[in-house]
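Notes to accompany the following structure.
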Amino acid sequence: MPVKEVGITVTEHLLREQRETPYATGAFTQLLNELIVAAKIIHREVSKAGLVDILGSTGSRNVYGEQVQKLDDFANHTIIRRVMHTGHVCAIASEEDADIVEVPQEYPRGPYILLIDPLDGSSNIDVNASIGTIFSIHRRLKDDGPVTLDEVLRKGSEQVAAGYFIYGSSTMLVYSTGKGVNGFTLNPGLGEFLLSHPNITMPERGKIYSVNEGNYAYWDEPVRRYVDYLKTPDPETSRPYTSRYIGTLVGDFHRNLLKGGIFMYPADRKDPKKPRGKLRLLFEAAPLAFIAEQAGGTASDGSRRILDLEPETLHDRVPLFIGSKDDVVTAEKFLSGEL
Ligand SMILES: O=P(O)(O)OC[C@H]1O[C@](O)(COP(=O)(O)O)[C@@H](O)[C@@H]1O
């Protein structure tokens with residue numbers, strides 16, 4: 001792969017990848033281009049959120065019993081509407097929808113299944129902190145006919161692509177099709193995502209840890225010991241690590257992707273209904289694990305590789321330890337009792 005030219009548009013980058021993919025039909029490029037249009041529309045609403053009636057809740061609750069924020073709803077419908085008519089997807093699964101959203105038979109349908117967390121970091125929408133959109137793309141198993149749940153409940157290692165948009169100090173797209181990770185920044189003047197972070201690689205070990213320490217009392221003992229270890233001074237291992245926690249998975253992951261470090265959302269005993277933590281395997285953990293591994297990092301549930309986990313239901317939750325390889329491996333050693 002020739003040296004990436006910073007500043008090329010994401011469409012040019014996609015077309016180059018397409019040219020290097022013998023069986024490519026252009027369907028994937030067009031699907032991602034529609035996702036990008038949806039993200040630009042969401043970016044526009046996010047950037048003026050304080051001025052228009054799009055903050056606050058819709059008053060309804062999602063499949064997890066969480067308040068649905070207006071921007072959640074807007075993002076969900078914007079993505080589904082844009083992607084539905086491309087002719088390249090046969091089904092969409094969203095964190096905000098209880099069931100699979102199948103593309104009606106009368107619509108042109110394609111080989112891809114799109115999974116989305118339309119607006120990640122809902123708790124940060126009203127306070128102007130970074131939020132994001134996470135996506136994961138699978139190729140369907142069957143040639144046609146109704147899409148069945150087993151075609152959607154797939155291991156993360158079967159993803160053909162994954163990525164996220166982050167709406168922060170700038171709006172960025174970070175994605176991978178399994179050939180490394182690249183980052184693009186939206187130039188609002190041009191309305192184009194331009195290559196700004198070619199071939200992102202995650203440092204082997206970081207100096208940052210991100211976790212909601214407010215849950216400390218509810219963690220298992222090994223998790224507490226690991227976090228205590230990170231806070232214990234030892235210059236040789238750059239400890240104590242610095243604590244950083246935005247409370248938006250995409251934001252915390254993105255920082256650690258660029259600077260190194262570990263993000264954790266361990267299982268906790270706070271809510272017996274959620275023994276396996278808060279984050280969703282299909283919509284959050286698997287797509288970010290795909291990016292992490294493509295950038296030389298890793299992701300586990302504390303003992304097993306996230307990309308090997310077989311989802312049982314659409315809305316499975318999973319503990320998540322993701323980031324620099326050495327840091328996640330050390331965390332796993334604490335959780336297994338080796339350390
Ligand atoms: O407020 P908590 O418990 O620390 O949880 C924060 C985590 O929950 C999330 O907001 C969950 O995602 P959603 O906003 O998509 O529901 C993550 O982005 C974030 O890492």
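Nothing fancy with the numbering, it's 1 onward along the sequence. All values below come from the heavy atoms of this structure, side chains included, with hydrogens, waters and symmetry mates left out. Atoms within each ligand, like the ligands themselves, are counted from 1 in listed order.
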Atoms in ligand 1 flagged as close to Tyr265, the criterion being non-hydrogen separation under 4.0 Å: 2 (P), 3 (O), 4 (O), 5 (O)
State whether a side-chain donor-acceptor pair under 3.5 Å links His138 with Gln159. no
Checking the N or O distance criterion of under 3.5 Å, is ligand 1 in contact with Thr248? no
Can you find an N or O of Leu279 that's nearer than 3.5 Å to an N or O of ligand 1? no
I want to know whether Phe184 and Phe193 have ring centres closer than 6.0 Å. no
So does Tyr216 have more than 12 non-hydrogen atoms from other groups sitting under 6.0 Å from OH? yes
Residue-ligand contact Val250/ligand 1, heavy atom below 4.0 Å: no
If you count the atoms of ligand 1 from 1 in the order shown, which ones are under 4.0 Å from a heavy atom of Ser122? 13 (P), 14 (O), 16 (O)
Side chain, backbone, both or neither: which part of Arg280 has a heavy atom under 4.0 Å from ligand 1? side chain
Cation-pi geometry met for Arg244 and Tyr209 (6.0 Å, 45°): no
Please confirm whether Phe283 comes under 4.0 Å of ligand 1, counting heavy atoms of the residue only. no
Need the ligand 1 atom indices (1-based, order shown) with element for anything under 4.0 Å from a heavy-atom of Leu249. 17 (C), 18 (O), 19 (C), 20 (O)
Within ligand 1, which atoms have a heavy atom of Asp117 less than 4.0 Å away? 15 (O)
Check whether any side-chain N or O of Asp327 sits under 3.5 Å from a backbone N or O of Arg205 as a donor-acceptor pair, and report yes or no. no
Contact region, Asp120 to ligand 1, non-hydrogen atoms below 4.0 Å, reads both
Does any N or O of ligand 1 fall below 3.5 Å from an N or O anywhere on Gly121, backbone included? yes
Can you sort out which atoms of ligand 1 are near Leu119, meaning under 4.0 Å from one of its heavy atoms? 15 (O)
So if I count the atoms of ligand 1 from 1 in the order they appear, which ones are less than 4.0 Å from some heavy atom of Glu284? 11 (C), 12 (O), 13 (P), 15 (O)
So, is Tyr245 polar-close to ligand 1, with some N/O to N/O distance under 3.5 Å? yes
Heavy-atom proximity to atom 7 (C) of ligand 1 ranks first, among Pro118, Gly277, Gly247, Gly251, for Gly247
Please check if any side-chain donor atom of Arg140 sits under 3.5 Å from a side-chain acceptor atom of Tyr112, or the reverse. no
Please check if the distance between the ring centroids of Phe165 and His43 is under 6.0 Å. no
Any pair counted as salt bridge (charged side-chain N to carboxylate O under 4.0 Å, His left out), so long as it reaches residues 284-300, sequence neighbours left out: Arg280-Glu284, Glu293-Arg305
Any Lys/Arg nitrogen of Glu221 or Arg224 sitting under 4.0 Å from an Asp/Glu carboxylate oxygen of the other? yes
Using a 4.0 Å cutoff against the non-hydrogen atoms of Asn212, which atoms of ligand 1 qualify? 2 (P), 3 (O), 4 (O)
Measure from the side-chain N and O atoms of Thr248 to the backbone N and O of Ser130, and report whether any donor-acceptor pair falls under 3.5 Å. yes
